[in-house]
Amino acid sequence: MRFLIAAISIAVFLVSGNAAFADKRVAFVVGNAAYKNVPQLPNPAIDSKAMARVLRNVGFDVVEGANLTRDAMTAKLLEFGKKSEGADVAVFFYAGHGIAVNGVNYLLPVDADLKSEMDVKLGAAINVDLTLDQTMSDAKVKLVFLDACRDNPFAAKIRSAKATRSVNVQTGLAEMKSGEGTLIAFATGPGQTALDGEAGTNSPFTRALVANIAQPGIEIQQAMTKVRAQVSDETSKGQLPWGHTNLTGNVYLNPVGVPAAATTDPSNAPVLAASKQGSDVELEFWRSIRDSNKVEELNAYLTSYPNGTFKSIALARIAALQDGPSITTRNLSAGIDPATFTEEANQVSEDQIGLDKNQRRDVQRRLTGLGFDVKATGKFDDETRSVMRRWQAARVYPATGYLNKLQHKALLSEIVSTRAASSEQADDEPARRRSSGGGGRRHYGGGGAGPPGGPGGLVGGMMGGLFGRR
């Protein structure tokens, strides 16, 4: 019930937050997987949900669907076409089967049953060129993402038909040229087939899109360069996304951190204003599931924010939950003095704690054990200050990079796992053990013993915490 209420509040927040965006942006997002006449695909419905979340989080009005028949897909396209009239930015995303016949690309509804070229041309499939022209031509900026280059079983059926033996049928999609103000991106090169990825996860192409296109301050063409590199690396160079662009300016789906001149220059294409609403929505999402012991809820956060602020803690908590009951979980806020969330720390307040070198190392080890990696040098250098700010922001404490007594006490009270405590002991072995032969020492993120009166043991840290797919 708590999660449901929080989810509803997030939805309300999204609706109200989107009103603050100056640009009109709409998206069509569909994933077809449950095909009736050929084997089903493992990923497209999951891909479309992930993409829809990402686009909504940066202010898009999303027309979304999954496993659509020809009629249902047409209805969604009509809805999208109406909404995209006068849009500053329109996005078209499709995952599922696609086919190229004589150089023309078609998308396939789940009820498609293609036995000949005639079936394709008489409406069983959806012509990509005509669809984009009818639904997006009025938008100023058009972004098209087609994860539809799967190995298509319909191709063999059409080629085997006597009346169409000479027809040119490709298993992948054919090359397309983009018009002015348009970017078109395919999961792989023309005429080639793309990988689906493991069942229950996103395809390599969609996963890379989700991870990169809405990154703060990243221009869309820079993002697509990152997408190509990620897919190539993940598939061991077996798949390389291909695209064609005719954009006339810079487009940012999330312009946080972009210099003001870049977002106000009239020569640029419309820039999508995201700023504070995006981070507020993410924080609200995280707060709704941060104490959850359900892996699916933590995965929902990672899907929505693949490079989110709280990624590392979400991953650590998932790993701990999957490992079994040896990890204890609790609400991090329980027992914390409310003043911890409002009282700012500075150098003076930190000096008042009186931490010696070993205690500073203890702080660094605890942070590392909680997913905020930092070297345990016993010196609070710039790196440590940066990590402290991340930890503070994750706990919704004033993020100054310095400690006060309340925050230090809160850090000492964070979760202990039995494995982390035993790992900590290994980490504190005498120097002679560390330098002995037989391979390097493995470093674990436990902490020191802590000052008297602190909780026994140290960090396992993946629990209840907040920070940061694959």
Side-chain angles (χ1 to χ4, degrees), residues 216 256-257 275-291 298 301 305 307-317 329-355 357 359-416 420 445-448 450-451 454-455 458-468:
V256 174
S275 65
K276 191 174 184 297
Q277 277 82 10
S279 59
D280 285 347
V281 173
E282 180 190 357
L283 180 58
E284 190 69 21
F285 194 147
W286 175 256
R287 283 173 171 167
S288 74
I289 57 94
R290 65 182 177 185
D291 301 318
L298 294 164
Y301 167 78
Y305 300 94
N307 292 290
T309 304
F310 313 117
K311 175 182 177 181
S312 65
I313 285 297
L315 290 171
R317 293 192 62 200
T329 65
R330 68 172 171 84
N331 187 336
L332 272 181
S333 297
I336 299 296
D337 188 324
T340 310
F341 298 93
T342 58
E343 187 173 308
E344 290 193 3
N346 52 37
Q347 185 68 68
V348 174
S349 68
E350 188 172 278
D351 291 343
Q352 289 172 348
I353 305 173
L355 300 175
K357 185 173 183 178
Q359 290 170 323
R360 290 195 295 271
R361 290 180 66 213
D362 174 52
V363 167
Q364 291 168 323
R365 286 173 174 171
R366 288 174 183 269
L367 291 169
T368 295
L370 290 167
F372 306 88
D373 293 343
V374 64
K375 295 178 181 179
T377 60
K379 178 182 178 182
F380 287 176
D381 53 14
D382 290 344
E383 179 186 5
T384 301
R385 297 295 179 197
S386 175
V387 169
M388 280 186 186
R389 282 192 292 271
R390 289 169 49 210
W391 171 76
Q392 289 165 331
R395 270 65 177 161
V396 203
Y397 305 151
T400 64
Y402 293 89
L403 293 174
N404 56 28
K405 290 181 179 180
L406 291 173
Q407 290 183 11
H408 186 237
K409 181 180 178 181
L411 176 61
L412 297 183
S413 71
E414 292 200 21
I415 292 302
V416 178
L458 268 256
V459 240
M462 26 305 245
M463 304 301 120
L466 293 88
F467 207 81

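Reckoned from all heavy atoms, side chains included, excluding hydrogens, waters and symmetry mates.
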Legend entry - For Ala410 against Thr340, the heavy-atom pair lying closest together: CB-CG2, 4.3 Å

Legend entry - Atom of Thr377, atom of Arg361 and distance for their closest heavy-atom approach: C-CG, 3.9 Å

Inset, instruction - Can you establish whether the number of heavy atoms outside Glu344 located under 6.0 Å from its atom CD is more than 12? - result: no

Legend entry - Asp381 atom CG, neighbour heavy-atom count above 12 within 6.0 Å: yes

Legend entry - Atom pair CG (Leu411) and CD (Gln407), whose distance is rounded to the nearest 0.5 Å: 9.5 Å

Inset, instruction - Keeping the roles fixed (side chain from Gln392, backbone from Tyr402), state whether a donor-acceptor pair exists under 3.5 Å. - result: yes

Legend entry - Check: Ser386 side chain, Asp382 main-chain N or O, donor-acceptor pair, under 3.5 Å: no

Inset, instruction - First locate atom CD of Gln359, then atom CD1 of Ile353, and finally report the distance between them rounded to the nearest 0.5 Å. - result: 9.5 Å

Legend entry - Asp362 and Leu412: CA distance, side-chain angles, deciding distance, side chain to side chain contact (heavy atoms under 4.5 Å, CB included) verdict: CA-CA 9 Å; Asp362 174 52; Leu412 297 183; 3.9 Å; yes

Inset, instruction - State, to 0.1 Å, how close Arg385 and Gln347 come at their nearest heavy-atom pair, and which atoms those are. - result: NH2-OE1, 3.8 Å

Legend entry - Check against side chain to side chain contact (heavy atoms under 4.5 Å, CB included), Trp391 and Leu403: CA-CA 11 Å; Trp391 171 76; Leu403 293 174; 4.0 Å; yes

Inset, instruction - Kindly compute the distance separating CZ (Arg366) from NE2 (His408), expressed to the nearest 0.5 Å. - result: 7.0 Å

Legend entry - Which atom of Thr400 lies closest to which atom of Arg389, heavy atoms considered: C-CG, 3.6 Å

Legend entry - Residues Tyr397, Glu343; criterion side chain to side chain contact (heavy atoms under 4.5 Å, CB included); working and verdict: CA-CA 8 Å; Tyr397 305 151; Glu343 187 173 308; over 6 Å; no

Legend entry - Heavy-atom pair with the smallest gap, counting every atom of Leu406 and Ala339: CD1-CB, 3.7 Å

Legend entry - Sub-4.5 Å side-chain heavy-atom contact between Thr384 and Met388: yes

